[in-house]
Number of protein chains: 2
Amino acid sequence: MPRRVDHDERRRHLTAALLRIASTRGLQAVSMREVAAEAGVSLRVVQYYFTDKRTLMLSGIAELAARLDRRVRERAAAIGTGLPPRTVFEVVLGAILPTDEASRADQLAWTAYYAAGLTDPAEAVDGRYAPDALERWLTGVLQRAVDAGEVPAGVDPRIEVVGLLALTNGLVSSVLGQQRDVADAQRVVAYRLDRLFGAAGD
Amino acid sequence: MPRRVDHDERRRHLTAALLRIASTRGLQAVSMREVAAEAGVSLRVVQYYFTDKRTLMLSGIAELAARLDRRVRERAAAIGTGLPPRTVFEVVLGAILPTDEASRADQLAWTAYYAAGLTDPAEAVDGRYAPDALERWLTGVLQRAVDAGEVPAGVDPRIEVVGLLALTNGLVSSVLGQQRDVADAQRVVAYRLDRLFGAAGD
DNA sequence: CCTTTCGTGGTACGACTGTATCCCCATAGA
DNA sequence: TCTATGGGGATACAGTCGTACCACGAAAGG
């Protein structure tokens with residue numbers, strides 16, 4: 001047999017190159033030749049490790065979903081359990097906002113994939129990566145806060161969580177579009193959480 | 001002189017065809033030939049009325065901005081002045097949500113343009129169409145409600161409005177992605193407004 | 001040794017793209 | 001009636017796209 005190559009490592013390298021292009025020049029700038037050039041390999045290599053362009057694109061979104069999921073999960077793990085619900089929300093929602101260059105790039109690529117999936121059913125984000133799980137988890141956290149009376153009466157945990165996630169997503173959009181900076185977005189989230197958990201002035 | 005043609009009308013026709021393609025098959029499916037076919041004319045005609053592809057695309061986003069702006073403005077005018085702030089917010093935010101097929105199509109196209117503008121500075125949405133004006137207007141409305149004591153204490157009108165617009169945008173995304181239906185989105189908005197204006201159970 | 005097979009460079013093909021060019025026709029002003 | 005001109009049909013061109021194909025080097029198994 002000839003020399004063996006770590007296919008997974010090779011694929012990760014190419015996928016990273018793809019996402020670098022997608023986040024800087026957009027998804028429509030992604031061609032097999034461009035990915036090859038960005039990764040410093042020949043067109044043939046891209047063809048070899050991803051037979052299709054479709055396969056290549058799917059690999060991109062899979063990696064992206066994994067990254068975003070990891071970002072939230074890592075921060076959630078870092079703070080352990082038994083923390084005040086307010087802190088949980090602050091950390092989780094804060095992990096969604098594009099605070100550094102890396103997360104901003106990922107969110108840009110994610111938005112590109114999302115928009116493409118709206119009209120091109122082929123490479124639909126399929127959403128089903130985490131939003132549901134995240135929504136359920138946070139709803140549970142808030143529900144327990146309600147049961148413990150740590151939150152003003154009349155709060156509907158499900159709707160409140162849906163609203164918070166939508167709010168965060170909307171803020172992500174405006175941050176990416178540079179209509180607002182991250183600090184502003186964090187302030188809006190913090191304000192909403194203050195109002196929800198009754199911290200300081202409410 | 002040969003027969004004169006209404007250039008503006010011709011351009012509107014072509015722009016409508018462009019947006020029809022963008023909202024159904026995506027922005028990347030928009031080519032001069034496709035627009036020509038969708039409009040039932042020859043490629044030359046598209047070239048004639050929009051010299052560039054860039055010009056064509058710009059016309060698309062201009063029309064889109066005008067439509068979205070008109071939708072909000074019409075509903076705002078229909079309810080006149082002097083209405084309770086809560087109603088104003090309900091109508092304006094409700095006008096942003098994609099309730100019928102037409103507004104859904106426009107929001108799809110808008111999202112496509114927005115995503116494209118994030119990485120392709122050329123055809124950037126440039127945002128400056130209305131969001132600022134809308135934000136200022138609503139902030140004024142809410143500020144007056146605060147001054148009149150129609151709203152719980154401690155409410156920051158600016159941040160509250162920014163949050164409501166981000167929330168609505170986030171909901172639009174999830175509705176377009178079919179993770180939620182419009183009724184659900186409207187319910188979330190109504191819930192937030194209830195909490196803000198203290199209607200019913202709060 | 002030879003041979004099989006993995007990994008890869010190079011290149012060619014057909015289908016698209018935006019843009020440019022050439023030509024004709026119908027009509028309004030002379 | 002003649003003619004200049006706005007409107008548009010048809011086609012060509014250079015470029016890029018995804019994909020397919022061919023050939024070759026190198027290394028491992030017989």
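Chain letters run A, B, ... following the sequence lines, proteins first, then strands; residues in each count from 1. Below, all heavy atoms of this structure are taken into account, side chains as well, without hydrogens, waters or symmetry copies.
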What's the [atom1]-[atom2] distance between [X] and [N], to the nearest Å?
| X | N | atom1 | atom2 | result |
| --- | --- | --- | --- | --- |
| A:Leu43 | D:dA20 | CG | P | 12 Å |
| A:Leu27 | D:dC17 | CG | C1' | 15 Å |
| B:Gln28 | C:dG18 | CD | P | 12 Å |
| B:Gln47 | D:dG7 | CD | C1' | 13 Å |
| A:Phe50 | C:dG7 | CZ | C1' | 15 Å |
| A:Met32 | C:dT8 | CE | C1' | 15 Å |
| B:Glu9 | D:dG7 | CD | P | 13 Å |

Legend entry - Touch class at under 4.0 angstrom, heavy-atom based, for B:Tyr49 against every strand present: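 Sugar-phosphate contact only - B:Tyr49 comes under 4.0 Å of backbone atoms but never of a base.
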Inset, instruction - Name the residue closer to the 5' end of DNA chain C, choosing between A:Tyr48 and A:Arg33 according to the nucleotide with the nearest heavy atom. - result: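 Per heavy-atom nearest nucleotide, the more 5' residue is A:Tyr48.
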Inset, instruction - Could you label the plane-to-plane angle of the B:Phe197 and B:Phe89 rings as parallel, tilted or perpendicular, counting under 30° as parallel and over 60° as perpendicular? - result: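 Answer is tilted, since the angle falls between 30° and 60°.
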Heavy atoms from C-beta onward define the side chain here; which of [options] lies closest to that of [X]?
| X | options | answer |
| --- | --- | --- |
| A:Val5 | D:dG9, C:dT19, C:dG7 | C:dG7 |
| B:Ser31 | D:dG8, C:dT19, C:dT17 | C:dT17 |
| A:Arg4 | C:dT21, C:dC6, D:dG8 | C:dC6 |

Inset, instruction - Please answer whether the main-chain N or O of B:Val189 pairs with a side-chain N or O of B:Glu90 as donor and acceptor at a distance below 3.5 Å. - result: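 No; zero donor-acceptor contacts below 3.5 Å.
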Inset, instruction - For residues A:Tyr48 and A:Val41, determine if any side-chain heavy atom of one lies less than 4.5 Å from a side-chain heavy atom of the other. - result: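 In short, these two side chains do not touch, never coming nearer than 4.5 Å.
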Inset, instruction - Can you measure from CD (A:Glu135) to CD (B:Gln179) and round to the nearest 0.5 angstrom? - result: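 Between atom CD of A:Glu135 and atom CD of B:Gln179 there are 9.5 Å.
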Legend entry - Point-to-point distance, once rounded to the nearest 0.5 Å, from CE of A:Met32 to CZ of A:Phe50: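 Here the interatomic distance stands at 8.5 Å.
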Inset, instruction - Please determine if a side-chain N or O atom of A:His7 lies less than 4.0 Å away from the OP1 or OP2 oxygen of C:dG7. - result: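 For C:dG7, OP1 or OP2 has a side-chain N or O of A:His7 closer than 4.0 Å.
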Legend entry - Any B:Ser42 side-chain nitrogen or oxygen under 4.0 Å from OP1 or OP2 of D:dG8: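 For D:dG8, OP1/OP2 do not have a side-chain N/O of B:Ser42 under 4.0 Å.
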Inset, instruction - Hey, which sits more toward the 5' end of DNA chain D by its nearest nucleotide, B:Asp6 or A:Glu34? - result: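 The answer here is B:Asp6.
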Inset, instruction - State whether the distance check finds a donor on one side and an acceptor on the other, under 3.5 Å, for side chain B:Arg44 versus base D:dG9. - result: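 Result: at least one qualifying N/O pair found.
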